[in-house]
Every structure is written in C-alpha cells, then in structure tokens.
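Each remark here refers to the structure printed beneath this line.
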Amino acid sequence: MHGSTSPDLQSAPQQAAAPAPAGLPARLAIVIPTFNEVENVPILINRLSETLAGIPWEAVFVDDDSKDGTVDALRAAAQADPRVRLVHRIGRRGLSSAVVEGIQSTSAPLVAVMDADLQHDETLLPRMAEQFADPSVDLVVGSRYMAGGGVGEWSKHRQTVSRVATQMSRLIVKADLSDPMSGFFMIRRASFDVAARQLSSQGYKILLDIIASAPRRLKIKELPFEFSPREHGESKLDSMVTWEYIALLLDKSIGRFVPARFVMFSMVGGAGVFVHMATLALMFQGFRASFDVGQATAAAVAMTFNYFVNNLLTYRDRRLKGFWGNVRGLLSFYAVGAIGAIANVGVANALFVEQHYSWVAAAIAGILVGAVWNYGVSAIFTWRSK
C-alpha cells in the first residue's frame with residue numbers, strides 16, 4: 001500500500017516536495033499536548049514542515065499552562081505560520097483530555113496524535129496517512145513492539161512496567177494489537193466521533209480509551225517505529241500514572257455501572273477505615289477515652305487522611321494546590337463531612353451503647369452512614385470542576 005494516497009488527502013498536491021498552499025483547509029491535523037516543552041516545539045514544527053510537504057496540514061498544540069515559555073513560543077510560531085495553532089488550557093490538566101480538546105478543535109478528516117518531546121517518529125506520518133486509502137481502516141498505530149519497532153534506551157524496569165500495563169489492557173481491549181499503550185497514532189475523524197461521547201479521558205492513555213470506548217470494533221493497522229530518547233526537557237511521567245491507568249481500566253470495565261471516581265473514593269475510604277480503627281483503638285483502649293470521644297477523634301483523623309489522599313489521587317485532575325488552597329479544601333471537606341460525621345458518631349454510639357454491638361461493628365456502621373454523603377457533596381463543593 002506504500003505509495004498510494006488516502007482519499008482524505010486527495011486535495012493535497014501530487015508532488016510531495018512542493019509545500020501545500022497555506023490557504024487550503026487542513027486534511028491532516030496533528031494534535032500535540034505540551035507542558036514545558038519550549039526547546040522541543042520549534043524543532044518539531046520544522047520537522048513537520050519538512051515531512052508533510054505537499055499535504056495540507058495543521059498542528060494543534062494543546063498546552064496545559066506551561067511556565068517555561070512554551071505558550072509564548074507557540075503563539076509566536078502561530079503568528080509566523082498559519083498551520084500552527086494553540087489551545088491554551090488554564091485550570092485543566094491531563095494528556096488524554098488535552099488530546100480530546102485538540103481533536104475537537106479541528107475539522108480535518110484525519111487526525112494524528114503525537115508527543116512534543118521528539119520521541120515519536122514524525123517521518124512515519126505520511127505512511128500512516130497512506131493506510132487510509134483503504135476506506136475500512138479506522139486507526140493506524142505506531143507500534144514499538146512489532147517487528148521493526150523498538151523502545152530505544154528504556155531501562156529494563158520501564159520495559160517491564162510497559163509490558164505489564166499492555167497485558168492489563170487486554171481486560172478492556174480485545175483487539176489484536178501489539179502496542180495498545182502507544183501514544184503515537186492516526187485516526188479517521190469519523191471513527192473518533194463515534195467514540196467521543198463514551199470517552200473516559202482518564203489519565204494519559206488516550207488510544208486505549210478510544211479503542212475501548214468505540215461502540216464497534218475498529219479496524220486497526222500498525223506500523224513499526226523506534227522510540228527515540230528525549231533530547232530536551234524532562235519526562236512528565238511520575239508515580240501517579242499507575243493510579244491514573246488503574247482509574248481508566250476501572251472506568252472502561254465497570255464505569256457503566258459504578259462511576260470509576262466513586263470506586264477510587266471508596267478505595268481511599270477503605271484505607272481510611274484502617275486509619276479510623278487504629279485511632280479509635282488507641283483512644284478507646286490505649287488512652288481509655290470514652291467511646292464517643294474516641295469515635296469523634298477517629299472520625300476527624302480519618303477525614304483529614306481521606307482529604308489529602310483523595311486530593312492527590314481521586315481528584316488528581318482537579319487537585320487543590322498550595323498552602324491556602326489546601327487549607328480551604330480541607331475546611332470545605334470538614335464542612336461537607338460534618339453532617340456525615342454527626343451521623344457517624346450518633347449511629348455508632350447508639351449501636352454500641354443501646355444495642356450493645358461490639359465497638360468494631362458499631363464503628364463500621366457509623367463509617368458507612370457518612371460515606372455516600374461525603375462522596376456526593378464533596379464532589380460539588382470541595383473538588384468542583386472549574
């Protein structure tokens with residue numbers, strides 16, 4: 001199929017060496033999420049211009065409010081080249097959601113997604129586009145794990161983590177795909193649209209999200225590429241990506257029945273139960289405090305624990321930052337949880353004193369009473385969407 005031309009690119013001039021007139025509507029959009037990539041942006045734009053000569057294209061950079069000058073560099077580039085566009089997001093973070101906003105901002109019939117760190121091989125883009133000459137093809141994926149591909153200079157640890165994550169992805173994706181974790185792919189716009197309303201936009205694996213969200217099985221082709229080492233800047237991957245990946249798996253597997261965020265909130269709450277019980281045991285049995293005093297103290301300690309862990313994990317995309325941001329968030333969480341805490345203590349004390357339940361059973365019953373209230377109302381007042 002190499003050498004053929006996609007119908008979606010038929011308006012492009014036939015001589016690949018000739019630049020497409022700037023006034024033509026883009027037939028291919030490259031969506032590129034950025035965060036602190038000021039050194040890489042001009043290099044990538046130059047490479048795209050060379051690689052895509054003859055194809056009407058545009059690059060949509062979606063920046064999550066970089067502080068290193070990336071936004072200014074992109075604005076200057078957009079002034080110099082109308083094929084360069086910037087979506088500057090303030091108060092929103094996340095690679096998957098950035099990709100979705102970028103795709104929604106373009107009308108191009110073909111959309112590619114790649115990173116700004118120069119680790120994806122932009123020279124593969126024309127070959128990707130050629131695969132869409134077959135009208136049944138929905139998606140073309142750049143694969144690191146098929147013959148001819150590679151992960152470059154990755155450590156053995158990172159290779160192991162990637163392969164484990166790939167195996168876990170089989171829980172929600174049944175497609176015969178060697179690299180469902182790839183961040184480098186091209187999709188037909190119409191194929192993206194059928195999945196758009198079901199997307200989770202959790203975490204950073206948007207390809208996996210698209211495939212799992214599509215109401216029909218997408219026809220996918222893969223092309224090999226070698227993952228390049230990062231030349232400038234720092235990797236954005238951190239220890240939280242594992243949690244975000246688990247959140248995506250939860251959302252695509254059970255999200256239709258139970259919101260993934262509620263499951264995550266409950267998991268944190270489960271850890272909070274141990275904090276609560278340990279505090280109560282210390283107060284009630286260690287310091288010989290009365291049960292109601294011990295239960296109230298345990299509820300306050302567990303609530304503080306739950307706030308900070310939920311802020312870090314469950315509401316990572318809305319997390320409150322800075323000293324005063326966390327003070328306001330914690331006070332809000334206390335206020336929201338006050339009614340639940342009163343019910344918690346009241347129910348537990350009644351069961352222990354009047355119904356003669358064991359202190360463990362009474363405490364757990366009190367915890368359950370406040371759980372649903374805390375989740376529902378804190379989502380509105382503490383971590384409200386901006």
Side-chain angles (χ1 to χ4, degrees), residues 1-4 6 8-9 27-34 37 40 43-45 47-48 50-52 55 57 59-62 95-96 98-100 102-103 108-134 137-154 158-159 161-163 165-166 169 173 175-189 191-192 195 203-212 214 218-231 235-237 241 245:
M1 189 171 295
H2 183 63
S4 60
S6 164
D8 290 313
L9 298 175
R27 309 301 295 168
L28 170 63
I30 305 94
V31 174
I32 308 163
T34 60
E37 298 285 1
N40 292 324
I43 300 173
L44 180 56
I45 293 173
R47 290 183 181 181
L48 290 175
E50 294 174 1
T51 299
L52 299 175
I55 297 175
W57 62 275
V60 182
F61 290 88
V62 185
L95 189 146
S96 289
V99 168
V100 172
I103 295 176
L110 286 181
V111 182
V113 175
M114 65 186 301
D115 292 344
D117 55 15
L118 310 180
Q119 295 184 292
H120 292 156
D121 182 5
E122 75 286 342
T123 64
L124 192 62
L125 290 171
R127 284 191 59 205
M128 285 180 158
E130 290 170 3
Q131 308 308 306
F132 292 93
D134 180 349
V137 172
D138 296 294
L139 176 66
V140 179
V141 177
S143 173
R144 300 160 294 182
Y145 296 126
M146 66 185 300
V151 295
E153 300 177 354
W154 279 12
R158 186 172 179 184
Q159 292 184 47
V161 170
S162 178
R163 292 189 181 278
T166 297
S169 74
V173 171
D176 184 16
L177 192 62
S178 68
D179 195 0
M181 306 294 287
S182 177
F184 184 30
F185 60 92
M186 188 180 293
I187 189 169
R188 203 182 294 274
R189 175 56 187 259
S191 301
F192 171 81
Y204 67 108
K205 290 304 178 185
I206 183 61
L207 173 63
L208 190 64
D209 197 357
I210 291 172
I211 298 173
L218 300 179
K219 182 172 181 180
I220 305 170
K221 288 192 174 184
E222 290 186 282
L223 296 176
F225 84 100
E226 180 79 20
F227 201 74
S228 302
R230 173 179 275 274
E231 297 182 19
S235 173
K236 308 307 184 296
L237 298 180
V241 299
Y245 184 56

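At a threshold of 4.5 Å between non-hydrogen side-chain atoms, the residues Glu50 and Thr123 do not count as touching. Here the side chains of Ile32 and Glu37 are not in contact, with every heavy-atom distance at 4.5 Å or above. Using a 4.5 Å cut-off on side-chain heavy atoms (C-beta onward), Leu125 and Ile55 make no contact. Here the side chains of Glu130 and Leu223 are not in contact, with every heavy-atom distance at 4.5 Å or above. No side-chain heavy atom of Ile220 sits less than 4.5 Å from a side-chain heavy atom of Phe185. Using a 4.5 Å heavy-atom cutoff, the side chains of Pro109 and Arg188 are not in contact. A 4.5 Å side-chain heavy-atom check between Asp209 and Val100 finds every atom pair outside the cut-off. Looking at Thr51 and Pro126, their side chains come closer than 4.5 Å, going by heavy atoms from C-beta outward.
Qualifying side-chain contact (heavy atoms from CB on, under 4.5 Å) partners for Pro180, counting only residues two or more places apart in sequence or in other chains: Thr166, Ser169, Arg170, Leu177, Leu208. Judged as a salt bridge (charged side-chain N to carboxylate O under 4.0 Å, His left out), and not counting sequence neighbours, the contacts of Asp138 are Arg216. Phe225 is linked by a ring pair (Phe, Tyr, Trp, His ring centres under 6.0 Å) to His120, Phe184, counting only residues two or more places apart in sequence or in another chain.
Atom CG of Leu44 sits about 10.5 Å away from atom OG1 of Thr34, to the nearest 0.5 Å. Once rounded to the nearest 0.5 Å, the distance linking CG of Leu207 with OG of Ser96 reads 10.0 Å. Rounded to the nearest 0.5 Å, atoms CD1 (Ile103) and CD1 (Ile206) are 6.5 Å apart. Here the CD-CG distance, from Glu122 to Leu52, works out to 8.5 Å after rounding to the nearest 0.5 Å. Expressed to the nearest 0.5 Å, how far CG of Leu28 lies from CZ of Arg189 amounts to 13.0 Å. Between the CG atom of Leu110 and the CD1 atom of Ile30 there is a distance of 10.0 Å, given to the nearest 0.5 Å.
Ala116 and Pro33 make their closest contact through CB-O, 3.8 Å (heavy atoms, listed as atom of the first residue, atom of the second, distance). Considering every non-hydrogen atom in both Gly149 and Pro224, the closest pair reads N-CB, 3.5 Å. Closest approach of Gly102 to Val31, counting heavy atoms only: C-CG2, 3.8 Å. Of all heavy-atom pairs between Gly142 and Leu124, the closest is CA-CD2, 4.4 Å.
Not one N or O on the side chain of Gln131 forms a donor-acceptor pair closer than 3.5 Å with the backbone of Val137. For the pair Asp179 (side chain) and Arg144 (backbone), a donor-acceptor distance under 3.5 Å is present.
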Just do the side-chain contact (heavy atoms from CB on, under 4.5 Å) check on Phe192 and Val111 with the steps written out, would you? CA-CA 9 Å; Phe192 171 81; Val111 182; over 6 Å; no

